[in-house]
Amino acid sequence: MSLLSIRNLTKTFGGLTAVSDLSFDVEEKSVVGLIGPNGAGKTTVFNLITGNYQGDRGDILFDGAAIAGLPIHRIVTLGIARTFQTIRLFQNMSVLENVLAGRHCRMKSGLLSSMFKPPAEKREEQEALRFALGELAFVGLKGQATQKAGSLSYGNQRLLEIARALATEPRLLILDEPAGGMNEQETEALVGLIGKLRERGLTILLIEHDMSLVMRACEKLVVLEYGCKIAEGPPLEVKSNPKVIEAYLGAD
Amino acid sequence: MIDAKYKMGGFIALAMLLAVSPLFLNAYWVDVLNSVGLYALLALSLNVILGDAGLYNMGHAAFFAVGAYTAAYLNTQFGVPILWALPISGISAGLFGVVLARPVIHLRGDYLLIVTVGVGEIIRIALINNVFGVTGGPNGIFGIARPELFGFRIRRPQEFFYLIWGFVAVTVFLFARLKNSRFGRALDCLREDPVAAEGSGINTGRYQLLAFMVGAAWAGMAGCLYASKMTIISPESFSFWESVLIFIIVILGGAGNIAGVILGTFLIIGLPELFRGFASARMWFFGLAMMIMMIFRTEGILPHRPRIFKNLDRLLP
Amino acid sequence: MEEFFQQLTNGLAVGCIYALIALGYTMVYGVLKLINFAHGDLFTLGAYLGLTLLTSLGLSGRLGPLLGLLLLAVLVMGFVALTGALLERAAYRPLRQSPRLSAVVSALGASIFLQNTIMLIYGARIHVYPQDILPKVALEIGGVSIPLVRILVFVVSLLLMGALFLFIQRTRLGTAIRAAAIDQAAARLMGINVDQVILIVFLIGPGLGGVAGLLVGLYYGQVNFTMGWVYGLKAFTAAILGGIGNIPGAMVGGLILGVIEALGAAYISVAWKDAIAFLVLIVILIVRPTGILGERVADKV
Amino acid sequence: MKKAFVLGLTLVLAMAGAGLCLAAEPIKIGLMAPVTGSWASEGEDMKNIVNLLAEEVNAQGGLLGQKVAVVLEDDAGDPRTASLAAQRLATQGVKAVIGTYGSSVTEASQSIYDESSILQVANGSTAIRLTEKGLKYFFRTCPRDDEQGRVAAQTIRQMGFKKVAILHDNTSYAKGLADEGNALLKKDGVKIVFFDALTPGERDFTAILTKMKAAKPDAVFFTGYFPELGLILRQKKEMNWPVPFIGGDATNNPDLVKIAGKVAAEGYYFLSPPVPQDLPFEKTKAFLKAYTAKHGAAPGSIWAVLAGDGFLTVVEAIKATQSTDPEKLAAFLHSGQQKISGLTGEISFNAKGDRVGEVYRVYRVDADGNFVLQDK
């Protein structure tokens, strides 16, 4: 069974149709790339999945249950975490605090236990710290834990966003242009990281313009143009699809 | 690390000095400190909303008023001892904060600011117009009993000093813990970037309301202490200017920083007392000093800093 | 019905003044995203300067009421505009890169400072404008009486607002101001001198506020040093009501606020008038979170 | 033994000497006044009057062989500042305090003075309850609101008005007077057709006037303060509405005519203790002359003059009892036998600390803007 199913999803802004009758599936433990020319509606699809936008028609099924209309944080709690196209870190907080923010939805202490700190709260805090440090080590930012997030390099900020998303223990990770602003080495490392994530059993849906990355990392591509799906399939197949070449690669 | 230890030691020394100050200060200066203490409570409570959660609230006096009037009403009408009214004041102000914030919480920055100003004014006007016949109109409520603690009646400024600053100490203790917790981090995230916070799985709407609730509840309890100290409360003590003053304290002291907020209170409430010698030019100096302080410490006197976690290595896998 | 129309004109007269002051708030906010709390006190300054110039120069006696008042208005506008620009230089420019609320507190400090400067110079007593400048005539239109001074206030404020609107919409500088209001960084990249834009905004806004002060002095005849707070808060409310940063919004917001107050006083309760006005504001903001004419901004993700 | 005696004698002498030195210290009398804030003009006059009186007392050799020093504290017309000012005065060793203006402001300071056993003589705080608490050291030279309310109702009735509008400003004082007048007038069968409050500090009252006009009253009883009333009279004139206005003592200020203009102010009635210039006493005339010579203008309001009376009360009490002991001073003032000659006439107090005697007069503003005392 597929982890995420998009069914006939449509979203319009004013007169403009950003996403039109879109359907595709993301299989469990797969890496799927969403590609298409600028303005094709890719990020809009992401925002629809994560609940930042509400679709006009269609369904979004996660693990068989409809999630459209749920508040954003509920969707995160269900197991969908994301990164943002324009990096959205808590710039003035430390790297570690950023990851702890992702841990929030898996913690329980409320207002009173935060104030009075019973042993259970302390234990939970220790657990959270350990988990967060683990994720930082996983993305390779262990050494920068106490730095201000805003002081990290661009590439490392992208990695921190991934660590924050991982701290929510997602089943589906949505990456919006994870290689944006990275140099070649960093991109190379990112491909490795995606591989490691996959080994952990995560499902990944990503938008990326870097074709070499997409070709290597994804096992399925969904191609959008003007909000419509024009192709879907394994990377090599999609690459040779004349429609795609015309609309996307050719036009580039 | 050594630096932090010195800092901690400095704070403790200052706290000790403050604790013994009534022994060598005269009643007037002790009363100034009492005033500073009450405003410190108000500023700390606003700090949760404005400094931690980043919600522009310029109507904090409304919560202060709800707490003060609740306590005054319970005490004068039903003879509830004023310190027993403390939790009730807190609860009623907290509830009021939530009910009020619920419909307007989605407003952005400056729109929220004017709405809270509006709420503050509506409350003040309601108090003046003797709403429901319980507020006493422009006269306010008088004849509030002095507080009693273990059979000891608190009346002199020195005695109030320990009541008020004791409550400040408890507040600082609890709020400092709150900051270094799941709750505090959620508010930090909310202030930094609400969209990213929601995207990281934080229920931002709920935390906005909770911030209002905690801040309002504490302001309400400050109101109860205020009522017990003044023994008379009237609408002019809860004017727009009071809200502005508390707002100034938080920003000038350092939004989100507890020590900064308390320092700010000393400056904003204590400094004008030092300017008394200038008589009518007092407020002129005050305004000038405010501008200069802001220009030289643009993020407040003690700005908010990210938390330093100790002994991280121990936790690494 | 007569009473209703009378109240409508009452409200519009008050609203005109609110609108004039609100323009200063909204222009400064548009470009700097700063609530200039000292604006109300610049308005007070205008009222006091007008009084000083009026009594010391005797302009209306020498040049006749109309020409004299015109010259007076120009002088007041100039002085207050200069003060506004100076204020920007001294109290706001150093804070341009810092958190937004820091500048707000600096503005509050500036407000206290200005208010007390005026008090120290002029004293705490209420000052009164000479009463013989304008003829005390009232027009009666179908039972609704409209004093001549009120018509003057209407005409002057509408003219000023119209002129400002044309300036913003039709001139190069106006376009620059609008561009800087939308995106300062982008405006800078397009070769717009943002510092110059800010300076101009701080000349025009306080200038209009100063004239509003003069009008209040002429219309009501009485000025005191604390009046900036009341008018400032109302005008700021008006600016938010209309959608802050939006120039036609400030005009609409001011007029609407004036009318709400008058009608609220007339048909509900005088004592609750301000509470009613704020309640309407809150309800409008709940329905339209960015004010009547404010553009809806979606969260960009 | 002898040594001990000498030592003892020296000690006693030293103490006496110290006592003498202390005697050269001035007697401190506190003045709590709104020198800043919205009532700053009242505070300014209070300060000037009390200082001038103190100079006169000192010129005549002071009190009990000591000079008198006036210690001024600003209450900013605000209860919180007032309580701090009171604490400050209480710690400076003042024997008595004059002030202040505004009932709620005075009230915030009352308990502090009472607990420190300091005599307080208020000058502009007319709220009834201030003297109903049984405070031993509290007195006032101004009359009470119920007295004014009584005179107001009586005047309105005598003038023959059947339908009256009452407008207050929701301050403690104005609301109290409005309520008092409302109750008394209703009892007399006068119909109250309008009862509401304006917002102090505003400028435009046309909305209120329009509403009031629609209620068609024969007269309007205004209990607020002069800055608003000046504007109201002016705007009423512009509306061509000839209804007579009767006001309370807070409108007794020469600036009223300046704000309203002579034409609009003409025919306005108000109740007040006599204005400074109308005080018929030689002593007062001489004082006002000296005051005008020094400050360029006569004091604006009667309330500041009543602060001067507060000062004279304290001075006379100290003279009469030859003591600064608050017990003795209070007992003297409570005795009802004192008949102190003040600027506003003879001053004596009842057991509650209220000034006795009828103080209120009816004034009318004439065409030249003068306040003309009406025959009773």
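Every chain is numbered from 1 and lettered A, B, ... according to where its sequence line falls, protein lines coming before strand lines.
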For residues B:S200 and A:F90, determine if any side-chain heavy atom of one lies less than 4.5 Å from a side-chain heavy atom of the other. yes

Checking heavy atoms, do the side chain of B:F175, its backbone, both or neither come under 4.5 Å from chain A? side chain

Within this structure, what is the [atom1]-[atom2] distance for the pair [X] and [Y], rounded to the nearest 0.5 Å?
{"X": "A:H73", "Y": "B:E198", "atom1": "NE2", "atom2": "CD", "value": "6.0 Å"}
{"X": "A:I72", "Y": "B:T204", "atom1": "CD1", "atom2": "OG1", "value": "7.0 Å"}
{"X": "B:D193", "Y": "A:I87", "atom1": "CG", "atom2": "CD1", "value": "12.0 Å"}
{"X": "A:K117", "Y": "B:S181", "atom1": "NZ", "atom2": "OG", "value": "5.0 Å"}

Side chain, backbone, both or neither: which part of A:A101 has a non-hydrogen atom closer than 4.5 Å to chain B? both

Heavy-atom distances under 4.5 Å only: say whether A:E161 touches chain B with side chain, backbone, both or neither. neither

Which one of A:L111, A:T168, A:T50, A:L136 has the most heavy-atom pairs closer than 4.5 Å to chain B?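 Result: the option with the highest number of such pairs is A:L111.
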
For [X] and [Y], work out which heavy atoms get closest and say how close.
{"X": "B:L174", "Y": "A:F116", "result": "CD2-CE2, 3.7 Å"}
{"X": "B:L178", "Y": "A:S114", "result": "CD1-CB, 3.7 Å"}
{"X": "A:M93", "Y": "B:R185", "result": "CE-O, 4.3 Å"}

Can you establish whether the number of heavy atoms outside A:R74 located under 6.0 Å from its atom CZ is more than 12?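 Not more than 12 within 6.0 Å, no.
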
Can you confirm whether more than 12 heavy atoms, excluding those of B:F173, are under 6.0 Å from its CZ atom?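 No.
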
Give a yes or no on whether the backbone of A:H104 and the side-chain of B:R182 come within a donor-acceptor separation of less than 3.5 Å.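 Yes, B:R182 side chain to A:H104 backbone: donor-acceptor pair under 3.5 Å.
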
Answer yes or no: is there a donor N or O on one side and an acceptor on the other, between the side chain of B:E192 and the main chain of A:Q91, under 3.5 Å? yes

What residue in B:G205, B:G184, B:G201, B:A197 has the most heavy-atom pairs under 4.5 Å with chain A? B:G201

After noting the C-alpha distance and the side-chain angles of B:V195 and A:N52, does the key distance pass the side-chain contact (heavy atoms from CB on, under 4.5 Å) rule? CA-CA 9 Å; B:V195 175; A:N52 289 80; 4.2 Å; yes

